[in-house]
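Written out below as structure tokens is the structure these notes cover.
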Amino acid sequence: MCISSFANYSVSDIRAAGLGVRGDMRHAMQLYTMKDRGLEEKILRKAEAEGCSAVFLTADSPVLGVRYNEWRNDFRTPKGLNFPALEWDSRDIQGRTHDDGFMSFNDDGHNWARDIPWLRSVTKMEIWIKGVLTAEDTLKAIEMGCDGVLVSNHGGRQLDGVAATIDALPECVEAAAGRIRIHVDGGIRSGTDMFKALALGAEHVWVGRPAIWGLAYDGEKGVDLMLDTFYNEFKRCMQLTGCNSVKDITKACLGVVRSDGPLARL
Ligand SMILES: Cc1cc2nc3c(=O)[nH]c(=O)nc-3n(C[C@H](O)[C@H](O)[C@H](O)COP(=O)(O)O)c2cc1C
């Protein structure tokens, strides 16, 4: 599980809840490049001390996207909720728009050559780049000595019109050539979507909104239902494509689009 800097619970509460479900659960800490390096370092040190194994540096958000829906509705996180990692209480959150709040702490001058060595100097956690969509950035992450990249477009919430992650994934996998780990998120809505992402070379698939929808539907039970649904769909997809293990899931399981028309295999 990846813990957002905007999480409403502390890293220690989230770690404790996760470990209560599965003793070997691993957590990553999502991080923005912040103006206040002292606070950024504090977040990192806390995450490491709590046993998080990786930091996911979000690289696709020097600013927030143009979010007309949030602006029109004057979206604010509901009263009573805090952002403990950022050290904001409900009053701080209510007192300004989400956009203004974001701009108040986020450094819009992202610079891998400055930020990644700095991260290395303050943490022993793995360093992953979240928000990669191209071969060039995958190569840059290798050059900078990162441990992995998360092919992500922030759930399509940043720049309208960017590639779908399932389309960007193959060029990132090809550029990586096994030299860096590749995960993917964005638009994964079923076990069959998971299967396709693995077939295209992702080592691991993450989901964002499906967990929130499960939570809205029936709390913890709703999230369990979402996970069981994805698991069953994934398993059936493996069975129906003749895969006995996850290692058998390769590009050969997918359809091939030819110039004379698509050939559906899945
Ligand atoms: C309500 C919401 C809040 C999010 N907050 C963050 C965040 O604070 N940091 C971040 O890196 N990504 C954030 N994301 C993006 C997710 O981490 C993830 O990349 C995305 O949701 C994956 O797409 P999916 O929801 O289609 O599965 C957020 C997404 C949503 C829907």
Side-chain angles (χ1 to χ4, degrees), residues 1-11 14 27-34 39-40 43-44 47 52 54-65 67 69-71 73 75-78 81-88 93 97-99 101-108 110 115 119 127-133 137 146 148-160 162-169 172 182-194 196-198 202 204-217 222-223 226-227 229-230 233-234:
M1 174 182 274
C2 188
I3 303 171
S4 170
S5 296
F6 279 110
N8 298 123
Y9 289 87
S10 68
V11 176
I14 295 169
H27 288 88
M29 182 74 216
Q30 179 271 327
L31 191 74
Y32 290 104
T33 305
M34 299 170 71
L39 181 57
E40 193 174 343
I43 295 172
L44 283 164
C52 291
V55 49
F56 275 47
L57 181 70
T58 297
D60 57 23
S61 307
V63 292
L64 288 183
R67 299 182 178 176
N69 54 347
E70 288 185 3
W71 299 351
N73 296 316
F75 172 76
R76 303 193 187 204
T77 297
L81 295 173
N82 308 314
F83 297 150
L86 298 175
E87 302 181 351
W88 298 359
I93 298 169
T97 65
H98 186 56
D99 205 56
F102 187 80
M103 293 314 290
S104 74
F105 78 84
N106 190 61
D107 179 357
D108 62 3
H110 288 191
D115 296 331
L119 283 174
I127 298 172
W128 287 62
I129 305 295
K130 178 176 186 287
V132 165
L133 285 171
D137 279 353
C146 297
V149 297
L150 175 56
V151 176
S152 174
N153 60 14
H154 214 106
R157 293 157 54 80
Q158 284 296 88
L159 184 59
D160 211 10
V162 292
T165 52
I166 199 78
D167 293 327
L169 177 62
C172 298
I182 305 267
H183 291 184
V184 66
D185 77 9
I188 304 289
R189 297 290 177 264
S190 66
T192 320
D193 286 344
M194 288 167 51
K196 290 175 196 165
L198 295 187
H204 182 95
V205 170
W206 295 80
V207 296
R209 277 163 291 199
I212 301 175
W213 294 329
L215 201 57
Y217 172 63
V223 180
M226 182 281 289
L227 290 171
T229 306
F230 273 45
E233 290 165 350
F234 183 65

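In this chain, numbering begins with 1 at the start of the sequence shown. Because the structure is a prediction, the values reported are computed rather than measured. Counting starts at 1 for both ligands and their atoms, in listed order.
Under the 3.5 Å distance criterion, the side-chain polar atoms of R67 are matched with a main-chain donor or acceptor of R157. Not one N or O on the side chain of N106 forms a donor-acceptor pair closer than 3.5 Å with the backbone of F102. Formation of a donor-acceptor pair under 3.5 Å by the Q30 side chain with backbone atoms of C2 is not found in this model. Distance alone, capped at 3.5 Å, places no donor-acceptor pair between the T58 side chain and the D60 backbone. Formation of a donor-acceptor pair under 3.5 Å by the E233 side chain with backbone atoms of S190 is not found in this model.
Numbered from 1 in the order shown, with element, the atoms of ligand 1 that lie under 4.0 Å from a heavy atom of G187 read 24 (P), 26 (O). The G208 neighbourhood of ligand 1 comprises atoms 21 (O), 24 (P), 25 (O), 27 (O), with distances under 4.0 Å to a heavy atom of that residue. Each of the following atoms of ligand 1 lies closer than 4.0 Å to a heavy atom of F6: 8 (O). The atoms of ligand 1 that sit less than 4.0 Å from any heavy atom of V207 are 27 (O). Near R189, the atoms of ligand 1 lying under 4.0 angstrom from a non-hydrogen atom of the residue are 24 (P), 26 (O), 27 (O). Per-residue contacts place T58 under 4.0 angstrom from the following atoms of ligand 1 (heavy atoms of the residue considered): 10 (C), 11 (O). Each of the following atoms of ligand 1 lies closer than 4.0 Å to a heavy atom of S152: 19 (O).
Of the candidates W71, W88, F6, F6 is the only one forming a ring pair (Phe, Tyr, Trp, His ring centres under 6.0 Å) with H98.
The two residues L198 and F234 come nearest to each other via the heavy atoms CD1-CZ, 3.7 Å. What you find for A85 and L39 is that their closest heavy atoms are O-CD1, 4.0 Å.
Closest protein heavy atom to atom 7 (C) of ligand 1: Y32 OH, 2.9 Å. Here the protein heavy atom with the shortest distance to atom 29 (C) of ligand 1 is R157 NE, 3.5 Å. From the protein, the heavy atom lying nearest to atom 18 (C) of ligand 1 is D185 OD2, 3.2 Å.
The proximity of H154 to ligand 1, defined as any non-hydrogen pair under 4.0 Å, involves the side chain as well as the backbone. With a 4.0 Å heavy-atom cut-off, ligand 1 is reached by no atom of W206.
In this structure, S4 is part of the shell of residues with a heavy atom less than 4.0 angstrom from ligand 1.
Residues T165 and N153 have side chains that never bring a donor and an acceptor to within less than 3.5 angstrom of each other.
Using the six-membered ring where Trp is involved, W128 and F56 have ring planes that are parallel, under 30° apart on the 30 and 60° scheme.
Proximity of atom 25 (O) of ligand 1 to the protein is indicated by at least one non-hydrogen atom lying closer than 4.0 angstrom.
The heavy atom nearest to atom 12 (N) of ligand 1, out of those in R209, Q30, K130, H98, is found in K130.
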